[in-house]
Amino acid sequence: MKYTPPSRLKFYSTNGNAPAASLEEAVVRGLAPDRGLYVPESIARLTPETLADLPHAAFHEIAAAVAFNVFGGDIPVRELAQLVKEAYDCPDPFTGSPMVALKPVTDRIYALELFHGPTLAFKDVGARFMARLLGYFIRKQGRGECVNVLVATSGDTGSAVANGFLGVEGIRVHVLYPKGKVSEIQEKQFTTLGQNIVALEIDGTFDDCQALVKEAFMDEALNRRLQLTSANSINVARFLPQMFYYFDAWARLTDALPAADLRGQQVVFSVPSGNLGNLTAGLYAKGMGLPATRFIAANNRNDVFFQYLRTGIYAPRPSEATIANAMDVGDPSNFARILDLYDNSHEKICGDISGATFTDAQIAETIRSTWQQHHYLLDPHGACAYQALVDGMRPGETGIFLATAHPAKFKETVEQIIGAPVAIPDKLREFMAGTRQCVPLSHRFDDFKDYLLRTCC
Ligand SMILES: *Cc1c(COP(=O)(O)O)cnc(C)c1O
């Protein structure tokens, strides 16, 4: 090995009222005991040699190099390499495409396509890594135990987590979803899998599902009998792996541009933002040595973060429904991590990040005109990030926007906007052909608790 392993990670809570935690503790717990978010105390910078090695490497190799720098003090290098390989060395069986791809849209703007994983959305990247990291820690504990992952979903998180954890030994996933309130495509993506994935169709709303999960974590009798954990996006094992593709983007850009063009280029990343996990991972990547000049956080009408950047005042408010619905967030959970990273300084935050906000009509216009002018089909989330670059790039800058979902996931919306049919990728079609299996439950906690005690491993 030519690298010396980095030191073990230590995590502290953004609320400052919990003892420092190891990686294992932070991953298994999810949230810190004081209800704060775990953040790493420090992460070593990539050496210039490692950075110089990244171009020409495949995504899973880049992920391995970055993962080693982050997790190498906690996980033996052979295990870590295996884990990354299982998570990411899985080209699309239909198209052969790797999980991440960089595509030019204009001469200065590139799409970082993060939708080539099993559920066609970027959450696959974090979920696949988290599943294997949790699996590793369970095997290491060696008590032959099984962990039960509880996840409440309004659609997309459930499918990414279920597919990410599919077939991982020692883990059973219970996906709670509101009956009749998720799209058919989304429902098929977590109800047709079988194996270690169980879908629970709750007769209630998404909020009921979330309340059931919260109550389960607080129920002493349940927690004495069963090992329960969550897989939501505040978990460090889902959030940190999102750094991998920022480095991949930079590597692909250096592959694409002649050295003379790249020199002096200022690279701007534009990120469609809801809970701000994706953006925060980019900011951490910059701290690790990613050659990024600045970031743009693109919001839909739920622009609490945009308003914070503009005024310095953080004013959460109830979310509104938009056509970019995975960004309909009124109180972004990772805001606490951004404040922590920049010592609570609005001025420092504005030094690295600017904002943008778009109405549904503006998003639709962007999808339409980009399709007409550049023959590139955006989904409503990526459209916000793309337009933010078009509006906000300065001379000498090259822009990369994160395309977080495949446009076919929003088929009806996108077809209506461009006035033409959108082809469904074979992968989605396969889900549609599967047989739906689920356990119907009321939204009463006693029923849920009963179910868990009867069926949990
Ligand atoms: C979850 C999601 C987002 C928002 O990402 P955050 O990390 O919550 O900011 C954007 N686009 C799509 C398609 C998503 O599923």
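Counting starts at 1 for both ligands and their atoms, following the listed order.
Inspection of the Tyr136 and Asp74 side chains reveals no N or O donor paired with an N or O acceptor under 3.5 Å. Asp360 and Asn300 share no side-chain donor-acceptor pair at under 3.5 Å. Judged purely by distance below 3.5 Å, without hydrogens or angles, the side chains of Asn235 and Arg238 never pair a donor atom with an acceptor atom. Side chains of Asn163 and Thr119: a donor-acceptor N/O pair is absent below 3.5 angstrom, by distance only. Side chains of Asp328 and Thr322: a donor on one and an acceptor on the other come within 3.5 Å.
Using a 4.5 Å cut-off on side-chain heavy atoms (C-beta onward), Phe122 and Leu112 make no contact.
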Considering only N or O atoms, set out every pair between ligand 1 and the protein closer than 3.5 Å, with distances to one decimal place.
from: ligand 1; atom 1: 7 (O); to: Gly277; atom 2: N; distance (Å): 3.1
from: ligand 1; atom 1: 7 (O); to: Asn278; atom 2: N; distance (Å): 2.9
from: ligand 1; atom 1: 8 (O); to: Asn275; atom 2: N; distance (Å): 2.8
from: ligand 1; atom 1: 9 (O); to: Gly274; atom 2: N; distance (Å): 2.8
from: ligand 1; atom 1: 9 (O); to: Asn275; atom 2: N; distance (Å): 3.3
from: ligand 1; atom 1: 9 (O); to: Leu276; atom 2: N; distance (Å): 2.8
from: ligand 1; atom 1: 11 (N); to: Thr404; atom 2: OG1; distance (Å): 2.8
from: ligand 1; atom 1: 15 (O); to: Lys123; atom 2: NZ; distance (Å): 2.5

